[in-house]
Each structure stands twice: as structure tokens, then as C-alpha cells.
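Everything on this sheet refers to the single structure shown next.
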Number of protein chains: 2
Amino acid sequence: MNQTRRDVFQAISDPTRREIIGLLARHSLNLNKVADHFTMSRPAVAKHIRILTECGLVIVQTRGRETYCQADLKGLKQVSEWANTYQEFWNDKLDALERLLDEDPSDENL
Amino acid sequence: MNQTRRDVFQAISDPTRREIIGLLARHSLNLNKVADHFTMSRPAVAKHIRILTECGLVIVQTRGRETYCQADLKGLKQVSEWANTYQEFWNDKLDALERLLDEDPSDENL
DNA sequence: TATAAATGAAACCATACGGTTTCCAAAAAA
DNA sequence: TTTTTTGGAAACCGTATGGTTTCATTTATA
């Protein structure tokens, strides 16, 4: 749970963190409220939230005794854009030809 | 490196695997050709490719003595769609109001 | 046929990950 | 001022991850 190079792709790889994102996107919540949505312990949820903050997807501010968590999902733009780079693969109308050329075994010695 | 439930989000969380995807999207390659693009060992690359196949992003077919790898990135649609769910967060024109309402501290007891 | 190329498989390793429990501190509420 | 509430922090644990080296096997090639 150290601060290795925390990037957005790694942050969203965990289903629990994607759920947290879903929660916080709708309304900001303090830590306990977030944890209430899960069966796992509060510290576990807190660690997930910390990871989300480390890559900027969640912003935390302490108010009194509580930790107020809000989503800031601008970072997901990067993910969307990266995936869309390969849109041709699921958008059948596009570039079928290009891909066919490439599936040709004769390309294999490149 | 076991077959836990391999999902696309986890598969793309590793930068090396995203690079492999980038390579194979342009042209299919056999394992050694893929490995040539990296400084790590061939077995390491092979493991990454295995993970990519486990979630369907890469298809492998053995031809003679070589392992021919091709991308099948339809699975990235899921990623794109998930990220786009939160498009409002980076598309400033949209829903600024809705989000402002939500950033209001008085919401915190939901 | 002997040799080289391409790869799978196994064993191993250090560290990251995802979780737990326990304890402590600070605010808020009774 | 006790007592909750809220959550940070630490220690720990089992397993997954990402890498290595070594060896065996299969297929082409000289």
C-alpha cells in the first residue's frame, strides 16, 4: 500500500475502488458512510480511498472529526481516451480492411 | 499469475501490458517479436501475454514452432463505456450544477 | 541428421496488494 | 465532563504480481 507510481489505470483495476468511484460520483460522503456500503472493514475501505486520492480521482478534506471524500474524475478522461484509441476493434464499420491486412500471417516477420 | 477471475480492468492496469496491446493492435506478432520490444525477459513477456489472453484481449494461435499473437480489443469497449459514465467530470459544459449541489457539505449525511 | 530457433514450464524470489485486528487521538454530543 | 463518533496508524497475514533463471520440447533449417 506504498506510494509506488500510482496511476489511474492501476487505481481503477480493483472492483471495490470502481464501486467507491460510483458512490462518490453521485454524492460526496465521509469515510464511514462509504464503508457502510461494503462488508469489508473500514480500514480496508480507507486504504482504497487513499489509493484513489493518490492518483487524484478522489479528494479528501478533513472537516472536524470526519473525512469528507469527493470524487474528481477528470483523471478518467485519460482512460477513456486510451481505450477509444482502439475503438476500431469494436466498431465494426471502421477499418475492417486495415485489420484484415494485419491478420495476414505474412506480416508476422516484421 | 494464476487464473483468478481475470478481468479487463486488471489486465490493462499494467503499463507493459498496455504497451503490448499497442504493439499488437498495429500488427500481429509472434512471442519473440513482442519480447524484442522490451528489456525484460521473454518469459516475463509471455506471462503478460497470457494474462491478456485470459481476458480475451489477445488471441494466441500456435503455428509450427511459434506462438502467433493477435489483438482482439473488443473487450476495451467495456472500459471505454465505464469511463464515459463519468464523462460529466471532465466535460465542463455538463452538469456543473448537479455537481455543485453535491459538493455542498449539507449533503454529507446521506 | 545435427543444430538452431521458438517457446512452454517449473522453480524461485522480493515486494505489492487486499485484507484483518488492535489501539490511539481528536471532535462532538450527552 | 464523560462518552460516542470518526478515523488514523501500526502490525500482521496470506496470496498475487512481476520478474528471474534454468531446462526440456518441438519445429525448422543447414
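Here is how names work: the chains are called A, B, and so on, in the same order as the sequence lines, proteins then strands, and each is numbered from 1.
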dT15(D) P sits how many Å from Asp14(A) CG, rounded?
18 Å
Nucleotide of dT7(C), dG7(D), dG18(C) approaching Thr67(A) most closely (side-chain heavy atoms)
dG7(D)
Would you call Leu23(A) and Phe38(A) a side-chain contact if the rule is heavy atoms closer than 4.5 Å?
yes
Quick one: is dG8(C) close enough that its OP1 or OP2 comes under 4.0 Å of any side-chain N or O from Arg50(B)?
no
Is Arg18(B) reaching over with its side chain to a backbone N or O of Ile12(B), donor-acceptor style, under 3.5 angstrom?
yes
Need to verify one output field. Residue with the more 5' nearest nucleotide on DNA chain C, Val60(B) or Ser13(A)?
Val60(B)
Separation of atom CD1 in Ile49(B) from atom C1' in dG8(C), rounded to whole Å:
13 Å
Roughly, in whole Å, what's the span from CD in Gln61(B) to P in dA6(C)?
17 Å
Taking the six-membered ring for Trp and the single ring otherwise, decide whether the centroids of Trp90(B) and Tyr86(B) are under 6.0 Å apart.
no
Any donor-acceptor N or O pair under 3.5 Å, side chains Ser80(B), Asn84(A)
yes
Test side chain to side chain contact (heavy atoms under 4.5 Å, CB included) on Val58(A) and Asp72(A) and set out the steps.
CA-CA 5 Å; Val58(A) 164; Asp72(A) 179 9; over 6 Å; no
Can you check the Asn30(A) CG to dT6(D) P distance for me, whole Å?
7 Å
Could you state the CG-P distance from Leu29(A) to dG7(D), rounded to the nearest angstrom?
10 Å
Using whole Å, what does the distance between atom P of nucleotide dT17(D) and atom CG of Asp7(A) come to?
16 Å
Apply side chain to side chain contact (heavy atoms under 4.5 Å, CB included) to residues Asp14(A) and Phe9(B) and explain how you reach the verdict.
CA-CA 8 Å; Asp14(A) 184 89; Phe9(B) 288 93; over 6 Å; no
Minimum-distance nucleotide to Asn32(B) side chain [options: dT7(C), dT17(D), dG7(D)]:
dT7(C)
What is the per-nucleotide protein-contact pattern of nucleotides 20-30 of chain D, from the 5' end, where B denotes a base atom under 4.0 Å from a protein heavy atom, S denotes such proximity for sugar-phosphate atoms only, and - denotes neither?
BB-----BS--
At less than 4.0 Å, is any side-chain N or O atom of His48(B) found next to OP1 or OP2 of dG19(D)? Yes or no.
yes
Using only side-chain N and O atoms of Gln10(A), determine if any of them is under 4.0 Å from OP1 or OP2 of dC17(C).
yes
Side-chain contact test, heavy atoms from C-beta onward, threshold under 4.5 Å: evaluate it for Arg63(A) versus Gln61(A) and give yes or no.
yes
I need the CG-P distance between Asp36(A) and dG7(D), as an integer number of Å.
10 Å
Among dG18(D), dT7(C), dG8(D), which nucleotide sits nearest the side chain of Ala46(A)?
dG8(D)
